[in-house]
Structures are given as structure tokens and as C-alpha cells.
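Values in this document were obtained by computation on a predicted structure and should not be read as measured data. In what follows, residues are counted from 1 in the order of the sequence shown.
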Amino acid sequence: MKYYENFLKLEVFNFEEAQKVVGSKENAKVLLNSYVKKGLVKRVRRNLYCAVNLEHREAAANRYLIGSKINKSAYLTYNSAFDVHGLSHQVSSVVYVASGIKISDFEFEGVLYKYVGKRIDEGVILYRSNEKIKLTDIERTVVDSMDRTDYCGGPHELDEILQICPVLDNDKLLKYLEAYGKKVLYKKAGYFLERHQQSLGISNELLSSMEKRTGKMKKYLSEEARSRGLLIKRWGLIVPETFEEKGDLFV
């Protein structure tokens, strides 16, 4: 139990951090194996451990801290980032993790940790209530989720999130959109941001700038829109008819 309190303070740690606590590589190996057998520490995956709450015999760390500690470049995005920001409507058993280093998906205590690629570099922050947790800021999370609505519960879930989302920084939104440089993303972002323009504080200048970059090809917002959708002319985007009561029916 000599080092248990140290590990409990770390919450989630890799072998190198354990070695610093114990003092040597060999002693760290022996101690970790012993603590795992005794139920004081759990092995999350290769080179990642977490301390155990002895009262409940459960991992002391939450899923989002584990996701952030998978490697040095790992951070939370999509629905997981929305959840940490207090905006998600859905309870998910998936933690979405971006990283510069490829991660194999894995499960730990009923939670799937899903690797979503490297993504862009901008917009990664430390969570104000726990700086061990890395995640995308709200603007980056919004842009990411518009790009992959399936990673945030679908377009309807995203629409509900945007209804309660705080005012967004227009310059950040444009910066992240430019970093992706995808015409279809300008279409999706333009549609959603115009839809919630007043509550999100979106300027006409931003919408006009995005409109110029959408291209001429029509795109679908989701698979639902393919069977019966409405064409939003300004954005060249076909959305599910459940989103719009007025519009040009596109079959």
C-alpha cells in the first residue's frame, strides 16, 4: 500500500509515470503486477493503468480522463466533448478520442474508446475543472460534429444541442472550417448556423463568407434525407423533411 495514495492522486497513469513514483523500472513492474492482482490498480490497456476506489472496487477515474490519457496527443471530441461541456442530450457508452498516434479501439468497464483519427490541430484545450482532461473547445466540437453528425448522435441530436449552445466565436468557427477546407462541411455548417443564427450570435458576414465556399453540387445532410428530403437552396443541401416545414421537396 506504500504507493497506492500516489497512484490514487494520479488517477490514470502510464508505466513511465508509475516508474517515477516507484523509483525504478523493475520495481515498477513488480509493484504494478502486485497491485493489479490485489485489486488496487486496474490495467486499462497496454501501458495505461488507473487506481481503484477501495470502497466501491471501481476505477477511480472517469471515462473522459481515461480517454485523455491514452497517449500524450489524445483528446476528446464529438459527443464526448459535448458531454464534458455540459451540452449532450444522450448518454453514450462510447468515448470518441482523436490522436496524432493511431489507437486501436478498446473496451474498459463497459465503455468503448473509439479512435476517430488525427483531425485538425486547432482548438484543443484543457478542461477548466480538471486540466488532466483534453478536449476540443465548443466551436471546434460544433464544426467536428457537423462534419460527422453520426459521432454526436445524428443531425437531430446536433440540432437540439445547438438550441442550448452558448454564443459562438465567429472567428474560431471560420478558422476551423478553413482548416478542414471541405465544401460539404461549409454547406452543413451554413445550414445549421443560419438555422440558429440569433441564439448562437452568427454574423451575416460569416454566413456570406461560408456561402461563397460551398460549391455548386447538391449534397445530403444524412441518409434520412436521401429517401425524402427538402432542398435548402442557399446551401445546396438536402435535409430531412422533418427539419423544415417549408422548402422545395426533393425526391
Under 4.0 Å between a Lys/Arg side-chain N and an Asp/Glu carboxylate O for [X] and [Y]?
X      : Y      : result
Glu16  : Lys25  : no
Asp105 : Arg45  : no
Arg195 : Asp159 : yes
Arg213 : Glu178 : yes
Glu109 : Lys42  : yes
Glu223 : Arg226 : yes
Glu17  : Lys69  : yes

Would a hydrophobic clustering, with Ile, Leu, Val, Met, Phe, Trp and Tyr connected at side-chain separations under 4.5 Å, put [X] with [Y]?
X      : Y      : value
Val143 : Tyr78  : no
Val97  : Leu135 : yes
Leu207 : Leu185 : yes

Cationic tip of Arg148 above Tyr151 ring, under 6.0 Å, 45° of axis: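 The answer is yes; both the distance and angle limits are met.
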Pair Gln197-Ser203, side chain to side chain donor-acceptor pair (under 3.5 Å): steps then yes or no: CA-CA 7 Å; Gln197 182 177 2; Ser203 69; over 6 Å; no
Who pairs with Glu211 by side chain to side chain donor-acceptor pair (under 3.5 Å), at least two apart in sequence or on another chain?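 In terms of side chain to side chain donor-acceptor pair (under 3.5 Å), with neighbours along the sequence ignored, Glu211 is linked to Arg234.
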Any donor-acceptor N or O pair under 3.5 Å, side chains [X], [Y]:
X      : Y      : answer
Asp137 : Tyr176 : yes
Glu157 : Thr149 : no
Arg140 : Tyr75  : yes
Tyr64  : Asn130 : no

Between [atom1] of [X] and [atom2] of [Y], what distance do you get to the nearest 0.5 Å?
X      : Y      : atom1 : atom2 : answer
Tyr180 : Glu122 : OH    : CD    : 9.0 Å
Met210 : Ile202 : CE    : CD1   : 8.0 Å
Lys134 : Ile70  : NZ    : CD1   : 10.0 Å
Asn47  : Asn71  : CG    : CG    : 10.0 Å

Determine the minimum heavy-atom distance between [X] and [Y], stating which atoms define it.
X      : Y      : value
Ile133 : Leu65  : CG1-CA, 3.9 Å
Asn170 : Gly201 : ND2-O, 2.9 Å
Val44  : Tyr49  : CG2-C, 4.1 Å

Anything under 30° is parallel, anything over 60° is perpendicular, the rest tilted; go ahead and classify Tyr191 against Phe243.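 Geometry flag for Phe243 against Tyr191: perpendicular rings.
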Students often mix this up, so state it plainly: with edges at 30° and 60°, are the rings of Tyr35 and Phe7 parallel, tilted or perpendicular?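 Perpendicular: the ring planes of Tyr35 and Phe7 meet at over 60°.
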Do other residues, nucleotides or ligands put more than 12 heavy atoms under 6.0 Å from the NZ atom of Lys132?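 Yes - once you tally the heavy atoms of other residues, nucleotides and ligands closer than 6.0 Å, there are more than 12.
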Can you find a heavy atom in the side chain of [X] that is under 4.5 Å from one in the side chain of [Y]?
X      : Y      : value
Met146 : Val184 : no
Tyr127 : His85  : no
Ser222 : Pro240 : yes
Val21  : Leu10  : yes

Name of the residue among Val142, Leu162, Leu173 meeting side chain to side chain contact (heavy atoms under 4.5 Å, CB included) with Leu200: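 Answer after filtering Val142, Leu162, Leu173: Leu162.
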